[in-house]
Amino acid sequence: MSESQRWDDVDDYFTGLLAPADEVLEAALRDSDAAGLPPISVAPNQGKLLQLLAQIQGARNILEIGTLGGYSTIWLGRALPADGRLVTLEYDGKHAEVARRNLARAGLDSIAEVRTGPALESLPKLADENPEPFDLVFIDADKVNNPHYVEWAVRLTTTGSLIIVDNVVRGGAVTDPDSTDPSVRGTRGALQLIAEHPRLSGTAIQTVGSKGYDGFALARVVA
């Protein structure tokens with residue numbers, strides 16, 4: 001048995017036991033695939049982790065940067081109370097329409113709002129609305145702009161809020177200070193910002209599984 005097959009088998013075991021899919025989640029993945037969206041949604045066990053983190057936070061307001069087909073959005077939205085709010089930002093209009101349909105099927109269209117356009121244009125507009133601080137921010141968009149997304153996340157949260165940055169391992173390339181890969185440089189910049197920011201305390205975790213070798217960063221707003 002190959003190492004990657006063992007990872008897949010363990011993920012399948014964990015998922016089947018602890019994060020079993022339902023028709024709404026399966027349909028979201030099917031419709032995303034049928035629409036030609038890239039197969040880069042979070043794994044089911046990571047989706048369950050996002051849901052648990054939001055529940056542990058007692059989250060009422062969630063911000064997601066990078067919607068894709070709304071699979072992770074559904075996991076997060078299900079953690080919210082009926083009067084909660086989830087704002088998710090998606091660059092691609094086609095992806096956003098798929099996500100809106102998936103969220104409506106999940107019964108979350110009344111609390112989850114998909115905003116279309118470059119996130120670095122959407123975030124200042126969101127800030128201008130003076131929203132309630134977000135209790136949790138999930139960043140899973142273009143990695144080049146990760147430092148900017150973390151900065152905006154800090155601005156739009158408050159003490160005790162949680163910020164999660166996905167895909168931070170970059171196949172191990174994140175350790176290369178001389179990398180010219182924009183995604184690696186953006187990820188390193190975000191991690192450096194978390195390390196040095198006076199309002200953040202964070203860590204990063206490597207993972208293996210059905211999505212291969214990856215990981216995420218987790219930061220708490222402490223002031």
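Values reported hereafter were calculated over all heavy atoms of this structure, with side chains retained and with hydrogens, waters and symmetry mates removed. Note that this is a predicted model, so its numbers are computed, not measured. In what follows, residues are counted from 1 in the order of the sequence shown.
- Classification of Arg188 and Asp176 as a salt-bridged pair fails, no side-chain N sitting under 4.0 Å from a carboxylate O.
- Put simply, the side chain of Lys94 never gets that close to the backbone of Gly36: no donor and acceptor are under 3.5 Å apart.
- Residues Gly186 and Asn146 come closest through the heavy atom pair O-CB, 3.7 Å.
- With values rounded to the nearest 0.5 angstrom, Leu191 atom CG is found 9.5 Å from Leu193 atom CG.
- Smallest separation of non-hydrogen atoms from Ser210 and Asp8: CA-OD1, 3.2 Å.
- A donor-acceptor contact closer than 3.5 angstrom links the side chains of Gln46 and Asp166.
- Ile205 and Ile164 fall within a single hydrophobic cluster, where Ile, Leu, Val, Met, Phe, Trp and Tyr are joined by side-chain heavy atoms under 4.5 Å apart, directly or via other members.
- In plain terms, the two heavy atoms of Val168 and Ala204 that are nearest each other are CG2-CB, 4.5 Å.
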For Phe138 and Val42, what are the C-alpha separation, side-chain angles and deciding distance, and is it a side-chain contact (heavy atoms from CB on, under 4.5 Å)? CA-CA 12 Å; Phe138 179 47; Val42 301; 4.0 Å; yes
Give the intermediate values and the outcome of side-chain contact (heavy atoms from CB on, under 4.5 Å) for residues Ile62 and Val87. CA-CA 6 Å; Ile62 294 175; Val87 177; over 6 Å; no
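- Residues Glu132 and Asn61 approach most closely at CB-ND2, 3.8 Å, considering heavy atoms.
- A salt bridge between Asp11 and Lys211 is absent, with no side-chain N of the basic residue lying under 4.0 Å from a carboxylate O of the acidic one.
- Ionic pairing of Asp178 and Arg185 is not present here: no N-O contact between side-chain nitrogen and carboxylate oxygen is shorter than 4.0 angstrom.
- Using a cutoff of 4.0 Å between basic side-chain nitrogens and carboxylate oxygens, Arg85 and Glu64 are not scored as salt-bridged.
- Between the side chain of Thr67 and the backbone N or O of Leu89, at least one donor-acceptor pair lies under 3.5 Å.
- Between Val98 and the choices Leu37, Asp92, Val114, the side-chain contact (heavy atoms from CB on, under 4.5 Å) rule is met once, by Leu37.
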Starting from the C-alpha separation in whole Å, work towards a yes-or-no answer on side-chain contact (heavy atoms from CB on, under 4.5 Å) for Thr73 and Leu86. CA-CA 8 Å; Thr73 323; Leu86 194 161; 3.6 Å; yes
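- Proximity of a side-chain donor or acceptor of Gln57 to a complementary backbone N or O of Gly160 within less than 3.5 Å is detected.
- Pro44 and Thr15 get closest at one heavy-atom pair: CB-CG2, 3.5 Å.
- Here Ser161 contributes atom OG and Leu136 contributes atom CG; the two are 8.0 Å apart, rounded to the nearest 0.5 Å.
- Salt-bridge check for Arg100 with Glu90: failed, with every basic side-chain N at 4.0 Å or more from each acidic carboxylate O.
- Taking the charged nitrogens against the carboxylate oxygens, Glu26 and Arg105 have no contact shorter than 4.0 Å, which rules out a salt bridge.
- Between Asn102 and Ser32, the shortest heavy-atom contact is ND2-OG, 3.7 Å.
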